[in-house]
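Take a look at the structure below.
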Amino acid sequence: MNIGKLVGAAAVSISVASLTLSAQAEDIKLAIQPDLTWETTPEGVAFAALKGNRFSESYMAMVRLPAGLVSPVHTKSSAMFGLIVSGEMVHLSEDGVGGKEVVLKPGDYYEIPAHLPHLSKCVSEAECVTFLYQDGPFDFVPVGEGQK
């Protein structure tokens, strides 16, 4: 390949790379805590959408649970992946209820498989906030309603 073609190819590559980098920089999305829009369920659990619609697709959200909240044993059709942001939480499979509880603190991660009967508790004196990703739409099916 002659030097002119080599320089031309390099220039095109640099131009394409520059366009790609600037497109990526323009796509940065920020979610500032005071600007989050929270939707609160009748049970007092609040969701602030970050990405996706939790009722129709996989999604990411900040989730806030009142201090002392204990959910009933329930299942979800999709797996959940979470990171504790503040407060302290316990998640137990139905078989683990009444057994040893591991208290999750800020920075701790949890993963709850789809269809696993479980309960969740906010055991701190302050509300619990988690970052949550669910790999499919949100649902909440108490055990006994169509389950074991």
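Just so you know, these numbers come straight off a predicted model, no measurement behind them.
Interatomic distance, CG of Leu116 versus NZ of Lys76, reported as 12.0 Å (0.5 Å rounding). For the atom pair Leu83 CG and Tyr133 OH, the distance stands at 15.5 Å (nearest 0.5 Å). Atom CZ of Arg64 sits about 12.0 Å away from atom SG of Cys128, to the nearest 0.5 Å. Rounding to the nearest 0.5 angstrom, the gap separating the CD atom in Gln134 from the CD1 atom in Ile112 is 9.0 Å.
Enclosure of atom CD in Glu101 by more than 12 non-hydrogen atoms of other residues, nucleotides or ligands within 6.0 angstrom is indicated.
By the criterion of side-chain heavy atoms lying less than 4.5 angstrom apart, applied directly or through intervening Ile, Leu, Val, Met, Phe, Trp or Tyr residues, Met60 is grouped together with Tyr109 in one hydrophobic cluster. By the rule that hydrophobic residues join a cluster once side-chain heavy atoms approach within less than 4.5 Å of another member, Val45 and Val143 end up as members of separate clusters. Under the 4.5 Å side-chain heavy-atom criterion for Ile, Leu, Val, Met, Phe, Trp and Tyr, Phe81 and Val129 are members of the same hydrophobic cluster. Under a hydrophobic clustering in which Ile, Leu, Val, Met, Phe, Trp and Tyr are joined whenever their side-chain heavy atoms come within less than 4.5 Å, directly or via other members, Leu119 and Met80 fall into different clusters. Under the 4.5 Å side-chain heavy-atom criterion for grouping Ile, Leu, Val, Met, Phe, Trp and Tyr, Leu104 is connected to Leu69 within one hydrophobic cluster.
Closest approach of Ala61 to Ala49, counting heavy atoms only: CB-CA, 4.3 Å. Between Val97 and Leu92, the closest heavy-atom pair is CA-CD1, 4.2 Å. Between Glu43 and Pro66, the closest heavy-atom pair is O-CG, 4.4 Å. In this structure, Ser124 and Ala67 approach most closely via the heavy-atom pair O-CB, 3.4 Å.
Remark: the Ser120 side chain and the His91 side chain contain an N/O donor-acceptor pair separated by less than 3.5 Å.
A donor-acceptor contact shorter than 3.5 Å links the side chain of Asp135 to the backbone of Ala79. Of the possible donor and acceptor atoms, none in the side chain of Thr130 sits under 3.5 Å from a partner among the backbone N and O of Leu132.
A ring-ring contact (aromatic ring centres under 6.0 Å, His included) check over residues 57-79, counting only residues at least two apart or in different chains, returns the pairs His74-His118, His74-Phe140.
Glu57 is linked by a side-chain hydrogen bond (donor to acceptor under 3.5 Å, both in side chains) to nothing, counting only residues two or more places apart in sequence or in another chain. The side-chain hydrogen bond (donor to acceptor under 3.5 Å, both in side chains) test applied to Lys51 returns no partner, not counting sequence neighbours. Scanning for ring-ring contact (aromatic ring centres under 6.0 Å, His included) contacts around Phe131 gives an empty result, with sequence neighbours left out. Residues passing the side-chain hydrogen bond (donor to acceptor under 3.5 Å, both in side chains) test with Ser77 are Asp139, sequence neighbours excluded.
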In residues 29-36, what donor-acceptor pairs under 3.5 Å come from side-chain atoms, sequence neighbours left out?
from	atom 1	to	atom 2	distance (Å)
Lys29	NZ	Leu50	O	2.6

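Using a 4.5 Å heavy-atom cutoff, the side chains of Pro137 and Ser78 are in contact.
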